[in-house]
Amino acid sequence: AMILEAMLVTGKENVGGLVRQIQQELSAQKWLSTQTTAYSLIALARYYGVDEEQEFGFTYSWNESPSKTATTLKHLLQIELPVDNLEAVFRLKNENDFMLYPRLIATGKPAQSKQTEGANGFALKHHYETLDGEKMDINNVEQGVDFRVVIEIKNTENSNSGEHLALTFMAASGWEIRNERLLGESEKNEYVEYQDFRDDRAMFYLHLPPWESTEIKLSLNAAYGGKSYYPGMQIEDMYDNTFFARVPGKWVNVGVEEAE
């Protein structure tokens with residue numbers, strides 16, 4: 001991006017290759033740092049800003065609806081498409097003499113109990129125990145009981161530096177997270193650099209070199225009786241989402257009959 005900007009400032013031509021390289025990096029399925037993303041966008045803005053305004057357009061259809069035409073003088077056009085079912089067909093026709101780069105972006109939330117376990121680059125395990133260290137079953141916990149979740153993480157990839165990792169633990173609505181830092185009971189972990197405790201979740205930001213492992217303990221309280229959903233947990237590389245590990249959620253009970 002800095003090379004592209006320097007070439008544009010000095011009036012150099014033949015920068016199309018650099019532009020395409022930056023575009024590919026920005027649209028790749030990985031996360032970039034804020035500085036990298038910002039500087040890349042600045043360089044691309046300078047590149048597109050020196051061109052004369054040129055209208056481009058295309059026709060598209062969504063889910064067999066009648067074709068529509070879209071035109072703009074800007075270099076980017078975003079159209080929101082309604083999602084009525086899980087199966088959809090998108091068709092686009094380029095009406096220009098130059099290349100278009102369409103991208104379909106889908107976002108959503110997984111349905112409860114439909115989450116799946118997955119991992120690439122990390123091994124993520126956990127179990128629950130009493131404050132005395134005895135393993136316990138959380139399908140049916142008595143109301144008012146304090147207990148711990150013990151999270152075991154291992155970096156299983158040489159190619160993953162493990163420098164910028166985020167672990168998120170989501171608590172069931174019937175549980176409360178006990179912030180042991182306020183009670184003076186927290187255990188220090190050499191790999192954890194920052195902790196963020198919220199009402200319904202705890203987030204740990206850490207580094208974990210290749211083939212190293214660590215254990216994180218989090219105290220909980222079975223505060224509210226009834227059946228509630230425990231969303232699970234996930235660890236991921238903050239700048240490369242190809243490295244992750246995910247534990248699916250499940251239904252749990254506090255002071256009532258055992259969850260299904």
Side-chain angles (χ1 to χ4, degrees), residues 1-10 12-65 67-110 115-116 118-122 157-166 168 205 234-246:
M2 298 178 71
I3 295 174
L4 173 61
E5 187 177 33
M7 293 179 69
L8 293 173
V9 170
T10 56
K12 301 291 185 181
E13 299 181 354
N14 300 323
V15 296
L18 273 176
V19 171
R20 285 191 294 274
Q21 182 179 349
I22 295 172
Q23 290 172 335
Q24 290 170 358
E25 286 294 316
L26 289 176
S27 60
Q29 293 298 317
K30 63 181 180 181
W31 296 331
L32 304 174
S33 69
T34 303
Q35 182 180 14
T36 300
T37 302
Y39 213 100
S40 298
L41 292 175
I42 290 172
L44 290 177
R46 182 181 290 274
Y47 169 75
Y48 288 114
V50 299
D51 289 342
E52 295 182 359
E53 285 191 345
Q54 182 178 7
E55 183 179 78
F56 76 89
F58 55 87
T59 58
Y60 71 95
S61 65
W62 173 249
N63 272 353
E64 306 302 332
S65 62
S67 295
K68 298 181 180 179
T69 300
T71 59
T72 182
L73 289 172
K74 298 180 179 180
H75 299 287
L76 177 68
L77 177 62
Q78 183 169 319
I79 300 174
E80 185 173 341
L81 302 171
V83 179
D84 300 321
N85 53 66
L86 296 179
E87 295 183 1
V89 179
F90 179 75
R91 291 185 174 88
L92 183 145
K93 182 180 179 181
N94 188 356
E95 304 286 355
N96 311 279
D97 296 329
F98 49 84
M99 183 76 72
L100 292 182
Y101 297 90
R103 188 178 184 191
L104 189 62
I105 303 172
T107 60
K109 298 179 180 179
Q115 298 151 315
T116 57
N120 181 49
F122 297 105
E157 285 284 343
N158 279 326
S159 58
N160 181 9
S161 64
E163 293 183 358
H164 306 285
L165 308 180
T168 303
Y205 301 92
Q234 175 168 309
I235 186 170
E236 56 194 346
D237 189 306
M238 290 189 288
Y239 298 113
D240 188 349
N241 60 352
T242 60
F243 294 112
F244 74 97
R246 178 177 59 248

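Sequential numbering from 1 along the given sequence is applied to the chain's residues.
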S.K.: Can you list the steps and then say if Arg46 with Val9 is a side-chain contact (heavy atoms from CB on, under 4.5 Å)?
M.R.: CA-CA 9 Å; Arg46 182 181 290 274; Val9 170; 3.9 Å; yes
S.K.: Decide whether Glu236 and Gln234 meet the rule of one side-chain donor and one side-chain acceptor closer than 3.5 Å.
M.R.: yes
S.K.: For a 4.5 angstrom cut-off between non-hydrogen side-chain atoms, does Leu26 reach Leu44?
M.R.: yes
S.K.: Please lay out, stage by stage, how Asp240 and Thr242 fare under the test side chain to side chain donor-acceptor pair (under 3.5 Å).
M.R.: CA-CA 5 Å; Asp240 188 349; Thr242 60; 2.6 Å; yes
S.K.: Would you compute the distance between atom CD of Glu25 and atom OG1 of Thr37 and round it to the nearest 0.5 angstrom?
M.R.: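 Glu25 atom CD to Thr37 atom OG1 measures 10.5 Å (nearest 0.5 Å).
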S.K.: Look at the side chain of Arg246 and the backbone N and O of Thr116, then say whether any donor-acceptor pair between them is shorter than 3.5 Å.
M.R.: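 Checking the backbone N and O of Thr116 against the side chain of Arg246, a donor-acceptor pair under 3.5 Å is found.
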S.K.: What are the two closest non-hydrogen atoms of Ile22 and Ser40, and how far apart are they?
M.R.: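 The pair with the smallest heavy-atom distance is CG2-CB, 3.8 Å.
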S.K.: What distance separates Thr71 OG1 from Phe56 CZ, expressed to the nearest 0.5 Å?
M.R.: 9.0 Å
S.K.: Atom OG1 of Thr72 and atom CD of Gln78: how far apart are they, to the nearest 0.5 Å?
M.R.: 12.0 Å
S.K.: Can you confirm whether Leu77 sits close enough to Phe58 that some side-chain heavy atom of one is under 4.5 Å from a side-chain heavy atom of the other?
M.R.: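 Answer yes - side chains close enough.
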S.K.: Mind checking what makes ring pair (Phe, Tyr, Trp, His ring centres under 6.0 Å) contact with Tyr205, not counting sequence neighbours?
M.R.: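 In terms of ring pair (Phe, Tyr, Trp, His ring centres under 6.0 Å), with neighbours along the sequence ignored, Tyr205 is linked to no residue.
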S.K.: Which atom pair, heavy atoms only, marks the closest approach of Leu100 to Gly57?
M.R.: CD1-O, 4.2 Å
S.K.: A side-chain contact here means heavy atoms from C-beta on lying under 4.5 Å apart; do Phe122 and Leu165 qualify?
M.R.: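 The answer is yes; the side chains approach within 4.5 Å.
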S.K.: Does CG in Leu41 sit with more than 12 non-hydrogen atoms of other residues, nucleotides or ligands closer than 6.0 Å?
M.R.: yes
S.K.: Under a 4.5 Å cut-off applied to non-hydrogen side-chain atoms, are Lys93 and Tyr60 in contact?
M.R.: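 A side-chain contact under 4.5 Å is absent here.
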S.K.: Applying salt bridge (Lys or Arg N to Asp or Glu O under 4.0 Å), which residue pairs with at least one partner in residues 99-108 are found, sequence neighbours left out?
M.R.: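 Of all non-adjacent pairs touching residues 99-108, none passes salt bridge (Lys or Arg N to Asp or Glu O under 4.0 Å).
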S.K.: About how many Å separate CZ of Phe243 and CE of Met238, when rounded to the nearest 0.5 Å?
M.R.: 14.5 Å
S.K.: Strictly by modelled atom types, are Ser33 and Thr36 linked by a side-chain donor-acceptor pair under 3.5 Å?
M.R.: yes
S.K.: Go through the steps for Leu32 and Tyr239 under the test side-chain contact (heavy atoms from CB on, under 4.5 Å), then give the verdict.
M.R.: CA-CA 5 Å; Leu32 304 174; Tyr239 298 113; 6.0 Å; no
S.K.: Check whether the side chains of Glu5 and Tyr39 place a donor and an acceptor atom closer than 3.5 Å, and report yes or no.
M.R.: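 Distance-only check passes for Glu5 and Tyr39.
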S.K.: If we ignore hydrogens and angles and just use 3.5 Å, is the side chain of Ser65 paired with the main-chain N or O of Trp62 as donor and acceptor?
M.R.: yes
S.K.: Is any side-chain heavy atom of Thr59 closer than 4.5 Å to a side-chain heavy atom of Leu92?
M.R.: no
S.K.: Counting only heavy atoms not in Gln21, do more than 12 fall under 6.0 Å of its CD?
M.R.: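 For Gln21, atom CD is not crowded (no more than 12 foreign heavy atoms under 6.0 Å).
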S.K.: Look at the side chain of Asn120 and the backbone N and O of Phe244, then say whether any donor-acceptor pair between them is shorter than 3.5 Å.
M.R.: no
